[in-house]
Amino acid sequence: MVISNGVPNSITAEEEDPRRRGRFSKTVQSELKRQVRYWYSLARTAESEGDLSAAEALLYRKCIDLDEKDGHSWLALAQMHSRRDPGEARKAFAAALLKCPRNVHLLQAFGVFEHRMGNLDSARKLFHDALAIEPANPYVCQAWGLLEQRNGETDVARDIYRKCTERRPQSEVCAAWATLEFGDGNARKARELFKLGLRSVKRGLKSRVSYLNSWAEAEERSGNLAQARSLLGEALQGLPTAETRIKLAKLEARAGSLMKGLDLMKGVDSEAESLSANAYNGWAFLEMQAANTGRTRELLKEGNAKFPMDGALLQTWGTLEEKCCEYETARELYSKSVEVRPTAVALVAWACMEAKLGDTARARELFRNALRVDPLHGAAYHAYASLEMKQGNVDEARRIFELGLDKDPSASVLVGYAQLEMKFGSRKDKARELFRRGVSQTRGDASFIWHAWLTMELRERDPLSARGIALEARKRYSGNSRILVASALAEAMSARGVPPDLDKSREFFKEAVLVDPFHAHAWQTWGVHEFRNGNEAIARGLFQKGLNKCPSHGPLWQACGVLEVEDGNFDEAEKMFRNGISKCPNHVPLYQAWACMEVRRGSFDKARELLEQALRSDPSHGAVWTAYGLLESRYGSLEKSRELFLQGLRRAPNHGPLYRTFAMVEERLGNYERARQLFREGIERDPYDAPSYRELSLLEKKFGRRDAFKELALQAQDVFGSGNVKSVLLEGKCSNFVRAGDEDDLELTKLWSMEHALDLSI
């Protein structure tokens with residue numbers, strides 16, 4: 001960047017010394033401020049263009065040389081360092097406060113920085129000092145309150161918000177307090193506070209719209225989608241911006257109505273409207289969800305051209321290329337994102353890709369970098385520990401979760417740790433303790449923690465415990481459709497001495513779809529429930545109602561299609577599959593289910609075509625590679641089968657069933673050493689694939705390899721626990737174990753898996 005030397009109306013060196021400026025007139029002081037603003041604007045421009053050395057050495061220092069008490073320049077300098085070098089940032093903050101000891105903005109920003117670095121006592125002292133100067137500063141009160149919330153000190157946070165609001169109601173504090181009350185189950189109090197804050201908004205229509213958006217987000221998290229839609233609608237009427245339209249579109253997408261969300265974007269002209277980087281990012285994400293790859297790239301390129309130094313756009317672009325299996329391009333984009341601004345979010349996304357590609361060492365390095373950049377990033381601890389868990393390093397995964405709990409007991413860390421303990425029968429009490437700790441927090445939406453806990457109890461086949469937890473969850477989230485669906489499943493469950501209450505279950509299902517008619521999973525799960533109880537006609541009607549509300553929800557189309565397959569109505573099933581793919585072309589299980597039906601009909605070429613379409617949609621889908629390779633081994637050529645298995649291993653190197661199926665094909669052909677090698681590679685890549693242990697144990701016993709069998713038994717003991725070795729080696733399953741990834745929402749019912757639609761197993 002070329003920096004102009006022409007500062008208008010230069011003043012003398014003696015005059016520009018701020019220590020002597022009191023001797024000069026107000027005109028001279030005004031000129032000094034004008035020069036500071038001039039250099040400051042150049043500094044921010046340099047920073048936005050990525051020229052950080054120019055921003056720091058030439059511009060920020062110039063501002064501070066002109067006026068060493070200019071808090072804006074000190075703050076900008078410290079925040080710039082905080083993104084790259086925490087040590088330098090701390091030095092800058094300390095130097096700034098020596099010159100500007102009563103600058104509340106500096107104290108607040110320094111406190112937020114120390115909080116992010118995990119130095120809670122330092123942060124509290126800085127916030128305390130700031131409030132001693134300005135007792136009702138909303139930004140300080142909000143930041144301090146959030147710190148206490150994050151650390152489980154709900155009453156302390158509430159007291160901070162209350163004292164500030166008693167002095168003067170301010171929108172920032174009212175919103176923070178309202179969010180706390182929503183999290184604590186006090187919805188009425190929360191809405192009163194949001195209304196109070198709305199009356200306190202003082203900065204015009206744009207600020208009012210921003211506040212309505214925040215309120216809508218809180219309502220959505222609490223499960224009240226109707227109120228969230230109403231608030232966003234009010235915001236659109238007040239100021240119809242693309243940003244608010246995108247928020248509403250994303251809400252509809254999360255509720256299962258992706259196409260409805262995209263319809264809201266029609267008429268938005270990205271060229272004509274001054275979209276922010278966040279708006280480009282949100283819109284691109286919606287298009288990516290709808291598998292509109294070309295349009296997604298267009299938006300990301302357009303956004304990147306306008307905001308070349310926005311790391312979030314680069315990261316989303318990297319995610320798109322990763323989905324398209326353009327891994328080198330994705331790696332380059334992730335690297336650029338981190339270079340522009342090293343964030344934990346970008347580093348975690350990059351690390352997860354490397355883990356998926358089998359480069360565990362690189363993934364670990366990236367996770368460690370993410371935690372250095374942001375020690376409070378709960379998702380980084382969760383993802384890092386999950387990697388170690390998948391590698392069979394359970395103790396290391398626990399160590400990482402414990403570190404996360406020490407630094408920041410976020411919901412992500414607590415749920416991840418609880419789910420780890422859930423996999424091992426001897427530590428279920430530890431899991432419950434972690435869930436209880438998670439739901440007691442009010443720092444944000446805890447409904448998904450309740451849902452995860454409910455899921456665990458349902459998998460434990462303990463309906464009484466599940467019903468008790470569901471009752472507690474409904475007290476806090478009475479209008480949350482996901483909690484209501486889980487409650488319905490708890491009532492439908494039976495155990496020894498505990499009969500199901502099907503009428504009560506239906507009441508909860510009905511309430512769930514009344515609360516949120518666009519909750520596609522609710523319609524789907526209710527339909528599956530009725531089908532399991534022999535009410536096929538009712539199930540069909542529920543699936544159809546769900547499709548009327550949520551036509552872009554792939555699992556509903558799949559359920560309808562496979563229901564027709566079960567009744568032998570292949571032509572009707574094909575219509576369902578075809579319509580579903582036209583509405584949601586990115587839903588791979590639709591292609592799988594249709595392909596299975598075609599194999600059942602003997603249409604092998606059509607099945608191949610569908611599996612190839614599925615792989616174009618998701619080239620790293622291990623289950624599709626498994627099915628395609630097995631299909632060719634049975635109904636095609638062994639040469640092509642092996643080629644498909646090998647391609648699949650390159651694309652999905654951690655998919656255990658792919659190794660296992662390939663090994664079983666080779667074993668059936670008499671290639672025992674090759675089969676043994678594939679079984680062992682699969683167990684190394686995916687140590688929790690219990691059927692692989694069974695198949696390999698049978699192979700070792702077949703040839704009398706006792707030492708190898710004993711070694712395998714010891715490996716199974718390390719992974720599944722000593723009490724589960726027998727069931728793993730003899731049955732290929734572990735009753736107390738849930739595979740990584742199986743903790744998905746109960747609503748994603750797996751009644752009609754590919755194997756159910758057509759048995760492609762050997």
Side-chain angles (χ1 to χ4, degrees), residues 182-188 190-191 218-230 251-252 254-257 411 415 435 438-439 444-459 462-494 498 500-533 535 538-539 541-543 545-546 548-550 553 555-556 559 743-749 751:
F182 260 133
D184 219 17
N186 303 321
R188 180 178 296 178
R191 292 188 179 105
E219 292 286 359
E220 183 189 354
R221 285 200 304 267
S222 74
N224 194 335
L225 298 190
Q227 179 68 4
R229 287 189 186 96
S230 174
L251 183 150
E252 298 298 351
R254 284 191 292 269
S257 302
V415 169
F435 279 127
V439 298
D445 178 22
S447 64
F448 83 97
I449 306 178
W450 284 106
H451 192 273
W453 191 0
L454 260 168
T455 301
M456 187 192 84
E457 299 297 350
L458 289 170
R459 286 205 172 96
D462 186 348
L464 290 179
S465 292
R467 291 171 190 175
I469 293 163
L471 179 61
E472 284 190 75
R474 291 196 304 275
K475 287 178 181 176
R476 286 198 177 193
Y477 297 97
S478 58
N480 187 292
S481 183
R482 295 178 68 208
I483 296 293
L484 290 166
V485 169
S487 299
L489 292 171
E491 296 297 336
M493 177 177 284
S494 62
V498 183
D501 189 336
L502 299 183
D503 289 338
K504 198 168 184 180
S505 175
R506 288 190 181 96
E507 287 176 14
F508 282 127
F509 276 127
K510 184 176 181 180
E511 190 177 350
V513 296
L514 285 173
V515 165
D516 181 10
F518 296 97
H519 186 183
H521 294 318
W523 293 105
Q524 178 192 347
T525 310
W526 190 2
V528 170
H529 167 76
E530 296 295 349
F531 179 81
R532 283 175 168 167
N533 285 281
N535 302 317
I538 295 175
L542 291 166
F543 291 149
K545 286 180 180 178
N548 291 340
K549 295 289 185 181
C550 314
H553 187 69
L556 274 170
E743 309 89 356
D744 293 340
D745 296 346
L746 284 174
E747 300 132 283
L748 300 176
T749 310
L751 173 63

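Scanning for side-chain hydrogen bond (donor to acceptor under 3.5 Å, both in side chains) contacts around E472 gives R436, with sequence neighbours left out. Partners of D462 according to the side-chain hydrogen bond (donor to acceptor under 3.5 Å, both in side chains) rule, which considers only residues two or more places apart in sequence or in another chain, are S465. For A466, the side chain to side chain contact (heavy atoms under 4.5 Å, CB included) partners two or more places apart in sequence, or in a different chain, are L454, E457, L458, A490. Looking at residues two or more places apart in sequence or on another chain, you find no salt bridge (charged side-chain N to carboxylate O under 4.0 Å, His left out) involving R474. Every residue two or more places apart in sequence or in another chain that forms a side chain to side chain contact (heavy atoms under 4.5 Å, CB included) with K545 is listed here: W523. Residues satisfying the ring pair (Phe, Tyr, Trp, His ring centres under 6.0 Å) criterion with F509, sequence neighbours excluded, are W526, H529.
The CH2 atom of W450 lies 14.5 Å from the CZ atom of R482; values are rounded to the nearest 0.5 Å. Residue S505 holds its OG atom at 8.0 Å from CG of D501, rounded to the nearest 0.5 Å. In this structure, NE2 in H553 is found 14.0 Å from CZ in F518, a value given to the nearest 0.5 Å. For the atom pair N480 CG and E220 CD, the distance stands at 10.5 Å (nearest 0.5 Å). For the atom pair CG (L542) and CD (Q524), the distance works out to 11.5 Å, reported to the nearest 0.5 Å. Rounding to the nearest 0.5 Å gives a distance of 13.5 Å between CG of L484 and NZ of K510.
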### Task
Apply side-chain contact (heavy atoms from CB on, under 4.5 Å) to the pair K549 and H519, showing each step before the final yes or no.
CA-CA 8 Å; K549 295 289 185 181; H519 186 183; over 6 Å; no

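Taking 4.5 Å as the limit, some side-chain heavy atom of R191 sits within range of a side-chain heavy atom of N224. Between R506 and E530 there is a side-chain heavy-atom pair separated by less than 4.5 Å. Side-chain contact between R467 and L471 is absent, with no heavy atoms from C-beta onward closer than 4.5 Å.
When all heavy atoms of I483 and A473 are compared, the closest pair comes out as CG2-CB, 3.8 Å. Closest non-hydrogen pair, G438 versus I449, comes out as O-CD1, 3.6 Å. Scanning all heavy atoms of the two residues, the minimum distance from V485 to A512 falls at CG2-CB, 3.8 Å. For the pair V498 and P463, the tightest heavy-atom approach, listed with the atom from each and the gap, is CG1-CG, 3.8 Å. The heavy-atom pair separating V415 from A452 by the smallest distance is CG1-CB, 4.2 Å. S494 and P500 get closest at one heavy-atom pair: CB-CD, 3.4 Å.
The backbone N or O of F448 sits nowhere less than 3.5 Å from a side-chain atom of Y477 that would complete a donor-acceptor pair. The closest donor-acceptor contact from the side chain of S230 to the backbone of A226 lies at 3.5 Å or more, if one exists at all. Although no hydrogens or angles enter the test, the distance criterion places no donor-acceptor pair under 3.5 Å between the side chain of N535 and the main chain of I538.
Salt bridge R229/E252: present, at least one basic N to carboxylate O contact under 4.0 Å.
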